[in-house]
2 protein chains.
Amino acid sequence: MTQSTWGNDMAPKKTVPLRDKQITRRRLISAVGSLLAKKGFKGLGVNAVAREAGVDKVLIYRYFDGLPGLIAAFAQQEDFWPSTLEMAGGDLAQFSELPLDEKLALFAASFIQALKKRPLTRAIMAWEMIEPNELTEELERVREESIMAFFQMFFAKDRTGIDLQALVMLVGAALSYLAIRADNIDVYGGLDLATDQGWDRIASAVNMVIHHVIPPA
Amino acid sequence: MTQSTWGNDMAPKKTVPLRDKQITRRRLISAVGSLLAKKGFKGLGVNAVAREAGVDKVLIYRYFDGLPGLIAAFAQQEDFWPSTLEMAGGDLAQFSELPLDEKLALFAASFIQALKKRPLTRAIMAWEMIEPNELTEELERVREESIMAFFQMFFAKDRTGIDLQALVMLVGAALSYLAIRADNIDVYGGLDLATDQGWDRIASAVNMVIHHVIPPA
DNA sequence: GACATATGTCACCAGTCGGTAATATAACGC
DNA sequence: GCGTTATATTACCGACTGGTGACATATGTC
């Protein structure tokens, strides 16, 4: 990016580069974000990112050692994946005292909300499905760790005798799939993915399943 | 593709083009399939398809009016989506007489098998998630119709009072997601996606849910 | 045989991609 | 002022993309 040193009076053809490494870095990082949100991971190349940032692409190599490095930097500073706290509904202590079925229901509702407000996360999840590379593998690893830690913390020592882990992951998989699809289609198998009412119906169905599988104490 | 007119005795440098439109068309169509299975929809371009078919890319334009036309021709002749019969386990009459919970369980098992043996379908499903275009929309429409027809035929007039449609679609979404992920990763949330045992566990969890939600009569 | 048509190959185009070297300019120390 | 370093731009490279026109060869008809 360049900026004019003078006003418009002198009709200055020359512009003055900013020459601020930190600002340039931030420009590039946020360009990844906006580009990812706008186009998805399609067209996420050095040229496009540099264009979006208004900066020369060579700086991607100088500051980040290439596009993977830049994307890694982007991923680090983004909360692209919901935290344990968020998946627990915002209050860990309170969450831990809930009966099992309510824990699961709260988790499902929180997970829906978390996905709904993260278009970038949905884009990255879609990305992971079709282009495995060293970056998506890293994001993958972080996510697997996070979700396993969450599961261990709250569901590990159940004595219901049912496969709680498989149940949680099935719900997570279904919600992930529907959230991603919602970016492309309005209806899936008759389910309305475009409106809040449609998602309320989905959440209700999940709750119904949970409360049938785990009868309240 | 070319083939030698003589044996190897004359050391023939020249090869003779086949000059059979139907064969060439088939070569191109099947090249789309194998390329889709090998690389997914990434690198599914005119150049790559022509290379895979061993044919010049200009024929794609001449015979199919471009890549979309070729892909449409490919999609028409493929059973890329399981039929109602297949989703019912192979015997419609028998299926229709099962109690509801067993219907659902059989559907889930059949759906898993159907996805497992269709790498192209998985690739296309992944494609639909990120690149909506006129082709994927068509496939989408076919699929939505098919799945709704199946649902209507067997589950419409339930009187359990629960949201059966949402339940079926949740299961379908979860299984679709896991099947697609299985092409990229071996483990999802602790679930083993790479082995038959892992999928048995998933199927068991689905059955568990079904039988809890819909108690056998 | 001659000719027209169907089929296939080749060569090229402009555009984009990831990547790099050479250069210009700003900022800072002296 | 001078020189050095940090920052950014320009210009280019080879490879690939989708797409097209000119050409070559085989097939079928008369």
Side-chain angles (χ1 to χ4, degrees), chain A residues 1-6 12-32 35-36 38-74 127 131 133-135, chain B residues 1-6 12-32 35-36 39-74 131 133-135:
Chain A
M1 190 52 168
T2 59
Q3 75 180 11
S4 176
T5 302
W6 306 277
K13 281 191 166 59
K14 283 308 228 184
T15 54
V16 173
L18 271 180
R19 308 225 167 223
D20 184 317
K21 182 174 180 175
Q22 289 313 314
I23 290 181
T24 301
R25 285 180 58 102
R26 276 197 296 270
R27 297 187 77 91
L28 282 169
I29 290 177
S30 80
V32 171
L35 209 54
L36 210 47
K38 263 191 288 185
K39 316 265 185 176
F41 54 90
K42 294 289 291 180
L44 190 67
V46 282
N47 295 293
V49 171
R51 240 189 328 265
E52 176 78 18
V55 144
D56 195 273
K57 63 178 172 181
V58 78
L59 302 180
I60 295 175
Y61 297 97
R62 244 206 288 278
Y63 294 155
F64 300 98
D65 230 46
L67 190 57
L70 170 57
I71 299 182
F74 161 79
W127 190 11
E131 227 180 8
N133 56 41
E134 73 277 354
L135 170 65
Chain B
M1 189 52 166
T2 60
Q3 76 180 11
S4 175
T5 302
W6 308 277
K13 280 193 167 60
K14 281 311 226 183
T15 55
V16 174
L18 271 181
R19 304 217 173 232
D20 184 317
K21 183 174 180 175
Q22 289 313 314
I23 289 182
T24 300
R25 285 179 59 101
R26 277 198 296 270
R27 296 188 78 91
L28 282 169
I29 290 178
S30 80
V32 170
L35 209 55
L36 210 48
K39 317 265 185 177
F41 54 90
K42 292 288 292 180
L44 190 67
V46 282
N47 295 293
V49 170
R51 245 193 321 270
E52 176 78 18
V55 144
D56 196 273
K57 63 179 171 180
V58 79
L59 301 180
I60 295 175
Y61 297 97
R62 235 180 267 176
Y63 294 155
F64 299 97
D65 230 47
L67 190 57
L70 171 56
I71 299 182
F74 161 79
E131 228 179 5
N133 55 42
E134 74 278 356
L135 170 64

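Here is the naming used below: chain letters follow the sequence lines, and residue numbers restart at 1 for every chain.
- Remark: P of dG21(D) and NZ of K57(B) are 13 Å apart, rounded to the nearest angstrom.
- Backbone-only engagement by R51(A) is indicated by non-hydrogen atom pairs under 4.0 Å involving sugar-phosphate atoms exclusively.
- Side-chain atoms of Y63(A) lie closest to dT7(D) of the nucleotides dT20(D), dT10(D), dT7(D).
- With hydrogens and angles ignored, the 3.5 Å screen pairs a side-chain donor or acceptor of R25(A) with a backbone N or O of Y63(A).
- What you find for A53(A) and R27(A) is that their closest heavy atoms are O-NE, 3.2 Å.
- The CG atom of L28(B) sits 9 Å away from the P atom of dG8(C) (whole-angstrom rounding).
- Applying the 4.0 Å criterion to OP1 and OP2 of dT7(C), one finds that T24(B) has every side-chain N and O outside that range.
- Between dG18(C), dG8(C), dC17(C), one nucleotide has an atom nearer to the side chain of V46(A) than all others, and that is dG18(C).
- Atoms CZ (F64(A)) and P (dT20(C)) sit 17 Å apart, rounded to a whole Å.
- Here R27(B) does not reach the OP1 or OP2 of dT7(C): none of its side-chain N or O atoms lies under 4.0 Å away.
- Note on N47(B): every side-chain N or O is 4.0 Å or more away from OP1 and OP2 of dC16(D).
- Put simply, NZ on K21(B) is 18 Å from C1' on dT9(C), counting in whole angstrom units.
- If you measure from atom CZ of R62(A) to atom C1' of dG18(C), you get 16 Å, rounded to the nearest angstrom.
- Of all nucleotides listed (dC17(C), dG18(D), dG19(C)), dG18(D) comes nearest to the side chain of Y61(B).
- Taking a 6.0 Å sphere around CG of N47(A), one finds it holds more than 12 heavy atoms contributed by other residues, nucleotides or ligands.
- When each of dG8(C), dG21(D), dA8(D) is scored by its nearest atom to the side-chain atoms of V58(B), the top-ranked nucleotide is dG21(D).
- Scanning both residues, F74(A) and I29(A), for their nearest heavy atoms gives CD1-O, 3.6 Å.
- At whole-Å resolution of the value, CG in D56(B) and C1' in dG21(D) are 12 Å apart.
- L70(A) pairs in a side-chain contact (heavy atoms from CB on, under 4.5 Å) with only one of the listed residues (L59(A), V46(A), D65(A), V49(A)), which is V49(A).
- Whole-Å rounding puts the L70(A) CG to dG19(C) P distance at 12 Å.
- Distance, I60(B) CD1 to dT20(D) P: 13 Å, rounded to whole Å.
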